[in-house]
Amino acid sequence: MSEIRDTVILGSGCAGLTAAIYTARAGLKPLVLEGHEPGGQLSITTLVENFPGWPEGIQGPDLIENMKKQAARFGAEFQLAHLSRVDLNAHPIKLHTAAGEILTRTLIVASGASARWLGLPSEQALIGHGVSSCATCDGAFFRGHEIAVVGGGDSAMEEALFLTRFASKVTLLHRRDAFRASKIMLERAMAHPNIELRPNTVVVEVLGVEEKDVKGLKLKNVKTGMEDELPVKGLFLGIGHEPNAKMFEGQMDLDEDGYIKTTGNVLTTFGGKAIPGVFACGDVQDRRYRQAITAAGSGCMAALEAEKYLEERGH
Ligand code: NAP
């Protein structure tokens, strides 16, 4: 018979590691399943300048490493396992990984959301070197430079508008000439003197792989087939995020885009009823703020709820 854990945390980004620090300090010996993107989105960013307490900023991977050390100091354990299946109806909750079955009284889901990328090799090679999926995180590095944003939804409009605070010019590239963005956001972007909209345009290649720094973009007009180069210092992807919650379909209430629905900030439900002992925090349940500090905050809330749940049941 496997040991029954008090708490398992799914995901090792900001939310999961904060939940690990709190549950570990409460003596719950949490097991953190690191998932397929250990460290989450912060592990692929460079300088983080908006996490309170770091006046000079801190590198994203260092911030994550510090949080991990902090959780480990209080007894959190880490496993690189990837979850293949869960049974949230079972008591204890059953988690299946390639390494075997894990039983736990509480589960904190902090599996995050993954930014969508175009998937070009040159784009992947330059992530953190001029290619970014987070304007709030990286916009300030492009003060006075020309940049491009890809996407035709509200995220892309919001990113483009936000980036005009820093960039001298923002070119908004969209693969069609119809936009998903809400009318008001599209109108704001169109009216901005420093934003140029280029519809029917796709990125063929990001230039600068050899130099390890974005030097420009090779673009193609999908209507005319014409190719040209756009000399920009940065490329921001605003083509949406995918919450990592597919494995909970049919066992947890998800919204129309697959984000976990929560009540009371971090409590999960199925069919509108609370799922005992299962909490969700961070980007997998937050489509609005998506910041390291808000993820950390909700990780703390999930940990406190898990602690309370166990205490009420005499564990
Ligand atoms: P979205 O509405 O799904 O839009 C994604 C955009 O990216 C679409 O224009 C899509 O093009 C494009 N795209 C997707 N994959 C692409 C690819 N491989 N290459 C090129 N283009 C690609 O996502 P979102 O903008 O993140 O918004 C998600 C939800 O959050 C929406 O409900 C939105 O209203 C909401 N949101 C609201 C606000 C706000 O109100 N302030 C801000 C952000 C997000 P196609 O149109 O051709 O498919």
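Counting begins at 1 with the first residue of the sequence. Numbering of ligands and ligand atoms starts at 1, following listing order.
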Exercise. Any N or O on Trp117 sitting closer than 3.5 Å to an N or O of ligand 1?
Worked result: no
Problem set entry | side-chain hydrogen bond (donor to acceptor under 3.5 Å, both in side chains) between Asp253 and Thr269, intermediate numbers included | CA-CA 6 Å; Asp253 290 333; Thr269 57; 2.8 Å; yes
For this session: Cation-pi check, Arg313 to Tyr309: give yes when NZ or CZ is under 6.0 Å from the six-membered ring centre and within 45° of the ring axis, no otherwise.
Result: yes
Exercise. If we only count N/O pairs under 3.5 Å, is His241 in contact with ligand 1?
Worked result: no
Exercise. For atom 24 (P) of ligand 1, what is the nearest protein heavy atom, given as residue, atom name and distance?
Worked result: Ser155 OG, 3.2 Å
For this session: May I ask you to check whether Leu118 has an N/O atom sitting below 3.5 Å from an N/O atom of ligand 1?
Result: no
Exercise. Out of Ala181, Ala115, Gly240, Gly152, whose heavy atom is nearest to atom 9 (O) of ligand 1?
Worked result: Gly152
Exercise. Are any of the side-chain nitrogens in Asp257 or Arg287 under 4.0 Å away from the carboxylate oxygens of its partner?
Worked result: yes
Problem set entry | atom 36 (N) of ligand 1: nearest protein contact (heavy atom, Å) | Asp154 CB, 3.7 Å
Exercise. Counting each atom of ligand 1 from 1 as listed, which ones have a heavy atom of Gly153 under 4.0 Å away?
Worked result: 4 (O), 6 (C), 9 (O), 25 (O)
For this session: Treat each ILVMFWY residue as a node, draw an edge where side-chain heavy atoms are under 4.5 Å apart, and state whether Ile239 and Leu126 are in one component.
Result: yes
Exercise. Which is closest to atom 18 (N) of ligand 1 in terms of heavy atoms, Met185, Arg175, Arg180?
Worked result: Arg175
Problem set entry | His174 and Phe179 aromatic ring geometry - parallel, tilted or perpendicular at 30°/60° bounds | tilted
Problem set entry | Short N or O distance, Asp257 and ligand 1, threshold 3.5 Å exclusive | no
Exercise. How about Phe142 and Phe236: are their ring centres within less than 6.0 Å of each other?
Worked result: yes
For this session: Work out whether the distance between some heavy atom of His174 and some atom of ligand 1 is less than 4.0 Å.
Result: yes
Seminar exercise, completed: Of Glu242, Arg290, Arg176, Arg288, the residue with the heavy atom nearest atom 47 (O) of ligand 1 is Arg176
Exercise. Any side-chain heavy atom of Pro61 sitting closer than 4.5 Å to one from Leu42?
Worked result: no
Exercise. Passes side-chain hydrogen bond (donor to acceptor under 3.5 Å, both in side chains), Ser182 versus Asp154? Steps please.
Worked result: CA-CA 6 Å; Ser182 52; Asp154 280 334; 2.9 Å; yes
Problem set entry | Region of Arg287 engaging ligand 1 - heavy atom pairs below 4.0 Å | side chain
Exercise. Between Val32 and Leu83, is there a shared hydrophobic cluster once you connect ILVMFWY residues whose side-chain heavy atoms come closer than 4.5 Å?
Worked result: no
Exercise. What's the shortest distance from atom 42 (C) of ligand 1 to any protein heavy atom, and which residue and atom give it?
Worked result: Glu158 OE1, 3.4 Å
